[in-house]
Amino acid sequence: MLNKIIDKNFDELLERLGEIIKIPSVGADALPGMPYGEKCAEVLGCFLDIAKKEGFSTKNFENYVGTIEFNDKPAKLGVLCHLDVVPVTKKDWSYTPFEAQIDNGRLYGRGAIDNKGPAMAVLFALKAIKEAGIELKHNVRFIVGCDEERGSSDLEYYMKKEKMPPYVFTPDGDYPVINIEKGMLRLGFERKISFSHIKSMSGGTVVNAVPAYADAVVSGFDYEYLKNKASGNISIFEESNGIRIVYNGTAAHASTPSMGENAITGLVKFISKLELDNDEKVFFKNISESFSHNEFNGEHLGICMSDEKSGDLTAVLSIINYSEDSFKMKMDIRYPLCGNKDDIKEKIKNALHLSELVIKTEFENDPHCVDEDSEFIKTLLKVYHEQTGLETYCKAIGGGTYVHDIEGGVAFGAEFPGDVNNMHGNDESITLESLRMNTKIIANAIYEICK
């Protein structure tokens, strides 16, 4: 019955989804009463208004998050979605990013998969249960936030005011179920130092990505000497203020770094082999040996580790900058359940002692794990298999989802195995059938948990 109602209401779901995709809800500086800017407040208000019109009780928590209640009973299940999105570069899109456009069975638009499409699927799953006249014995609380993309301070605010229900899932990851998320460390390195030959260096733009480009300006070297040493990804350019050395790599997410080619470690390796002054040589050799080029398991930092459940540690040197006697670097580490963040930091400090870099912790998050044998996860997997006929299993990831800091929380969808939706990329999209199936899976999961 639920699936038939969802099919009947699907065109309306698409229409409502279009209403929220057209709001460019990229997180912005706070304004009075709008902690994430005007557009995030607008999209939250719009979404809650749609839910109100469907007869649900709603509450706006000062434009940080909103809640939608199925009934007035104690909440057994919480479902989390976010309405903020990452920025776009319009010229790189084939479709209008803030307009839901359907082409060849796919719906395009920023937020189609992350996370406005799944959010509307949750709302229409609740609508189907309500329309079917099903009286759930327990309440389901649908929580929609506005700061997932920039750190989830929305949930921090909410959890200071309200308790999460005992069971929580978010369709902000992959199917079947993500029950393990690695711990995360982001470290900064600094030193005041002046080099004889290295005039400037730069590489990387964000800490959570393998850098695709890095360059350095050097002096005191013959152009032909450098040109003869260059090969592969290295290019040499003669400029008025010196010679520029460029390394072109391949970008990748820091949770899957082996898919990339690290431009920073490639550049540092090249520089460390030049005829430098002694202090320069010691400095760059220490960094190059510690961050061995395209080694992503931290072996030469002394932090290589792995366990059966959560897999390998990953480590990425992702940002480097040097100018005016100030040298800075940043790195991203995703570590398995067997890891200890304090031990990892101490080993990195020991590995880099010759470079005398000062290490600062910029962000840290312990691993997240939910028992895959829990009745909650068994129920989710059962519904997934019944609705799709696909294989069921739990998986571990290096990235973090919206439930990383929520005890017992798991990611349940919205991407199916093999899906290519360009999440965070140009022409983000979701197939209409995937969106429809998400709605059916979520509706039946809510029913099974709260009946």
Side-chain angles (χ1 to χ4, degrees), residues 1-10 12-14 16-17 20 47 50-51 54 56 66-71 75-83 107 111-132 134 136 138-145 148 164-165 167-179 376-390 392 394 401-403 406 408-417 419 421 430-451:
M1 180 190 296
L2 289 177
N3 289 358
K4 288 183 178 179
I5 294 172
I6 288 166
D7 287 334
K8 176 179 69 71
N9 293 336
F10 193 65
E12 184 187 354
L13 183 158
L14 295 176
R16 296 290 172 262
L17 178 55
I20 61 169
F47 195 87
I50 293 170
E54 296 295 344
F56 295 108
T67 56
I68 297 160
E69 311 281 352
F70 183 82
N71 59 34
K76 182 179 183 181
L77 173 67
V79 183
L80 295 182
C81 287
H82 65 91
L83 301 174
L107 184 143
I113 184 68
D114 185 30
N115 194 225
K116 292 179 178 180
M120 198 57 72
V122 175
L123 184 59
F124 272 72
L126 293 172
K127 174 181 167 71
I129 297 170
K130 186 181 182 71
E131 197 170 311
I134 297 172
L136 296 179
H138 307 277
N139 183 28
V140 53
R141 178 172 300 145
F142 182 20
I143 304 167
V144 284
E148 191 275 343
M164 282 288 179
Y167 300 109
V168 179
F169 75 75
T170 179
D172 190 35
D174 304 335
Y175 285 118
V177 167
I178 296 171
N179 72 315
F376 176 48
I377 288 182
K378 286 180 179 179
T379 299
L380 295 178
L381 292 176
K382 170 177 170 285
V383 170
Y384 173 77
H385 178 69
E386 289 174 348
Q387 294 298 314
T388 67
L390 297 174
T392 63
C394 289
T401 75
Y402 212 18
V403 294
I406 297 172
V410 299
F412 184 51
E415 286 197 298
F416 292 96
D419 274 1
N421 297 311
I430 187 171
T431 68
L432 299 184
E433 284 312 303
S434 288
L435 182 58
R436 189 192 302 265
M437 182 54 69
N438 262 286
T439 312
K440 292 177 179 180
I441 291 171
I442 292 165
N444 285 276
I446 289 170
Y447 172 73
E448 288 294 331
I449 294 166
C450 296
K451 65 182 180 181

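We number each residue from 1, following the sequence as shown. Worth saying up front: this structure is predicted, and the values here are computed from it rather than measured.
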- Mind telling me whether Phe412 and Phe169 have parallel, tilted or perpendicular rings, with 30° and 60° as the class edges?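 If you compare the ring of Phe169 with that of Phe412, the planes turn out perpendicular.
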- Which is it for His138 and Asn71 under the side-chain hydrogen bond (donor to acceptor under 3.5 Å, both in side chains) test, yes or no, and what are the steps along the way? CA-CA 8 Å; His138 307 277; Asn71 59 34; over 6 Å; no
- What pairs with Asn421 under side chain to side chain contact (heavy atoms under 4.5 Å, CB included), at least two apart in sequence or on another chain?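 For Asn421, the residues satisfying side chain to side chain contact (heavy atoms under 4.5 Å, CB included) (neighbours in sequence not counted) are Arg106, Ile113, Glu415, Asp419.
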- Message: Check whether Phe56 forms a cation-pi arrangement with Lys130 (NZ or CZ under 6.0 Å from the six-membered ring centre, at most 45° off the ring normal).
- Response: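 Satisfied, under 6.0 Å and within 45°.
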- Got a second to check how far Leu14's CG is from Arg436's CZ, nearest 0.5 Å?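 Between Leu14 CG and Arg436 CZ, I get 8.0 Å after rounding to 0.5 Å.
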- Message: Rounded at 0.5 Å granularity, tell me how far OG1 in Thr388 sits from CE in Met437.
- Response: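 The CE atom of Met437 is 7.0 Å from OG1 of Thr388, to the nearest 0.5 Å.
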- Between Phe47 and Phe142, is the ring centre distance below 6.0 Å?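 For Phe47 and Phe142, the ring centres are under 6.0 Å apart.
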Of all heavy-atom pairs between [X] and [Y], which one has the smallest distance, and what is that distance?
X	Y	result
Leu2	Tyr447	CD1-CB, 4.3 Å
Ala121	Leu13	CA-CD1, 4.2 Å
Val122	Pro171	CG2-CG, 4.0 Å
Thr170	Thr401	CG2-OG1, 4.2 Å
Leu83	Ala119	CD2-CB, 4.0 Å
Ala112	Pro118	O-CD, 3.6 Å

- Query: Does any non-hydrogen side-chain atom of Asn3 lie less than 4.5 Å from one of Gln387?
  - Reply: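 Of all side-chain heavy-atom pairs linking Asn3 with Gln387, at least one is under 4.5 Å.
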- Query: Does the side chain of Phe416 reach to within under 4.5 Å of the side chain of Asp174, using non-hydrogen atoms?
  - Reply: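 With C-beta onward as the side chain, the pair stays apart.
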- Message: Tell me every residue that passes side chain to side chain donor-acceptor pair (under 3.5 Å) with Glu386, counting only those two or more places apart in sequence or in another chain.
- Response: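 Per chain and number, Glu386 pairs via side chain to side chain donor-acceptor pair (under 3.5 Å) with Lys382.
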